[in-house]
Amino acid sequence: MRKILLMFVLFSQCIFAQTAKEIIDKNIELSGGLTNWKLLNSVILQGRVTLGVNDEYPIKIYQERPNLTKTVITINKKETPIEGFDGTKGYAMNYATNKIQEYPNYNPESFDNDFIDWESKGFEARYLGKEKIGETYCHKVELTKNVNKTVYYFDTRTYMLVKEVKADETLVYKDYRKVGSLLMPFRMESSSQKKDSDYVMIINKIETNKVLPANTFKF
């Protein structure tokens with residue numbers, strides 16, 4: 001009896017792992033395909049970000065492989081860098097001094113999302129079943145690398161990412177539109193327990209594979 005139960009458990013785990021992989025693969029396929037995602041070398045996002053309740057600013061985000069990034073907001077008609085990574089050092093706005101500050105231990109995010117080549121990155125994927133987010137039924141997939149766990153919610157109909165839950169932040173993605181060969185969200189909402197870094201970002205323009213000037217990521 002124990003052997004039968006053990007075989008059932010192992011079989012169930014294999015199904016869940018395979019299902020998680022299939023959901024991730026379906027997301028990559030339907031959002032543009034693995035080849036097109038890997039051909040993406042730079043992105044410029046332009047829109048508006050609302051911080052808190054009423055603080056709204058024009059925002060522009062530059063990203064380039066492998067992990068270069070720079071976020072700029074416009075305050076009183078003046079562009080102000082607030083965060084980024086220049087390939088060597090990370091920077092972020094110190095709101096106590098109202099100045100950009102270098103952070104030696106800044107951990108830049110990869111240009112690609114977690115789903116691209118997740119297995120070779122050392123992630124483990126686990127299917128957690130289904131859950132309703134608002135009016136949308138979603139597949140839940142947990143990705144784990146070392147001790148860091150992130151739960152992703154994929155629309156069961158379109159396989160687009162609806163929600164991402166990290167240890168310290170929850171991100172909601174909406175309004176997917178075609179940008180070249182890729183589908184990208186044009187609305188992102190971030191929330192956390194502290195509430196001091198919550199934002200809503202609405203994108204009105206995305207440009208891809210532009211050749212960016214060498215000084216784009218300088219601070």
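Keep in mind that this is a model prediction, so the values were computed, not measured.
- In this structure, D114 does not pair ionically with K145, as no charged nitrogen and carboxylate oxygen lie closer than 4.0 Å.
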Side chain to side chain contact (heavy atoms under 4.5 Å, CB included) assessment of D168 paired with S192:
CA-CA 6 Å; D168 56 354; S192 63; 5.9 Å; no
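- To the nearest 0.5 Å, atoms CG (D175) and CE (M160) are separated by 13.5 Å.
- Residue Y173 comes nearest to P185 through the heavy atom pair CD2-CG, 3.8 Å, listed as atom of the first residue, atom of the second, then distance.
- A salt bridge links K166 with E109; the closest basic N to acidic carboxylate O contact falls under 4.0 Å.
- In this structure the side chain of I28 reaches within 4.5 angstrom of the side chain of I24, judged on heavy atoms.
- By the salt bridge (Lys or Arg N to Asp or Glu O under 4.0 Å) test, E119 is found to be paired with K21, residues two or more places apart in sequence or in another chain being considered.
- Within a 6.0 Å radius of CD in E102, other residues, nucleotides and ligands contribute more than 12 heavy atoms.
- Annotation: the span from S42 atom OG to E207 atom CD amounts to 9.0 Å, rounded to 0.5 Å.
- For the pair R48 (side chain) and N204 (backbone), a donor-acceptor distance under 3.5 Å is absent.
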Applying side chain to side chain contact (heavy atoms under 4.5 Å, CB included) to V141 and V151, what does each step give before you reach the verdict?
CA-CA 6 Å; V141 173; V151 178; over 6 Å; no
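- Shortest non-hydrogen contact noted between N209 and N41 is OD1-N, 2.6 Å.
- Here the side chain of N36 pairs a donor or acceptor atom with the backbone of G32 at under 3.5 angstrom.
- Atom-to-atom distance recorded for L212:CG and E64:CD is 5.0 Å, nearest 0.5 angstrom.
- Ring pair Y62/F217 is perpendicular by interplanar angle, where above 60° counts as perpendicular and below 30° as parallel.
- Residues L183 and L30 fail the side-chain proximity criterion, which asks for heavy atoms closer than 4.5 Å.
- The side-chain heavy atoms of I44 and K210, taken from C-beta on, include a pair separated by under 4.5 Å.
- Cation-pi geometry between K70 and F219 is met: the NZ or CZ atom falls under 6.0 Å from the ring centre, inside 45° of the normal.
- Of the possible donor and acceptor atoms, none in the side chain of N146 sits under 3.5 Å from a partner among the backbone N and O of N148.
- Checked options F154, Y159, W37; the residue passing with F115 is F154 (criterion: ring pair (Phe, Tyr, Trp, His ring centres under 6.0 Å)).
- Linking ILVMFWY residues whenever their side-chain heavy atoms come closer than 4.5 Å, directly or via other members, leaves V72 and I82 in distinct clusters.
- Using a 4.0 Å cut-off between a side-chain N of Lys or Arg and a carboxylate O of Asp or Glu, E189 and R187 qualify as a salt bridge.
- More than 12 heavy-atom neighbours from other residues, nucleotides or ligands sit within 6.0 angstrom of NZ on K132.
- Under a cutoff of 6.0 Å and an axis angle of 45°, K163 and Y153 form a cation-pi pair.
- Expressed to the nearest 0.5 Å, how far OG1 of T69 lies from CZ of F111 amounts to 9.5 Å.
- Summarising the local packing, NZ of K130 is surrounded by 12 or fewer heavy atoms from other residues, nucleotides or ligands at distances under 6.0 Å.
- One distance of note links OG1 of T144 with CZ of R126; it measures 7.0 Å at 0.5 Å rounding.
- Under a hydrophobic-cluster definition in which Ile, Leu, Val, Met, Phe, Trp and Tyr are linked whenever side-chain heavy atoms come within less than 4.5 Å, directly or via other members, L182 and M188 are assigned to the same cluster.
- Taking CG of N94 as the reference point, atom CD1 of I100 lies at 9.5 Å (rounded to 0.5 Å).
- Under the 4.5 Å side-chain criterion, counting only non-hydrogen atoms from C-beta, L171 is in contact with S190.
- In this structure, R177 satisfies the cation-pi test against F186, with its NZ or CZ atom closer than 6.0 Å to the six-membered ring centre and inside 45 degrees of the ring normal.
- Under the 4.5 Å side-chain contact rule for hydrophobic residues, M201 and V179 share a cluster.
- Side chains of E142 and Y152: a donor-acceptor N/O pair is absent below 3.5 angstrom, by distance only.
- Counting only distance, with no hydrogens or angles, the side chain of N215 and the backbone of K218 share no donor-acceptor pair below 3.5 Å.
- By the 4.5 Å heavy-atom criterion applied to side chains, M93 and E83 are not counted as neighbours.
- A salt bridge is defined here as a Lys NZ or Arg NE, NH1 or NH2 lying under 4.0 Å from an Asp or Glu carboxylate O, and D117 with K38 meets this definition.
- At least one side-chain heavy atom of S191 sits under 4.5 Å from a side-chain heavy atom of D198.
- The cluster map of Ile, Leu, Val, Met, Phe, Trp and Tyr, joined by side-chain heavy atoms under 4.5 Å apart, puts I75 and I202 in different clusters.
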Verdict with supporting geometry, Y176 and D155, side chain to side chain contact (heavy atoms under 4.5 Å, CB included):
CA-CA 12 Å; Y176 279 84; D155 188 323; over 6 Å; no
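- For T150 (side chain) and L143 (main-chain N/O), no donor-acceptor pair under 3.5 Å exists by modelled atom type.
- Proximity of V200 to L51: side-chain heavy atoms (C-beta onward) are nowhere separated by under 4.5 Å.
- Grouping the Ile, Leu, Val, Met, Phe, Trp and Tyr side chains by contacts below 4.5 angstrom, directly or via other members, places W118 with L161.
- Taking 4.5 Å as the limit, every side-chain heavy atom of T50 sits out of range of all side-chain heavy atoms of Y199.
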Test K60 against I73 for side chain to side chain contact (heavy atoms under 4.5 Å, CB included), laying out the working first.
CA-CA 6 Å; K60 187 178 286 189; I73 63 173; over 6 Å; no
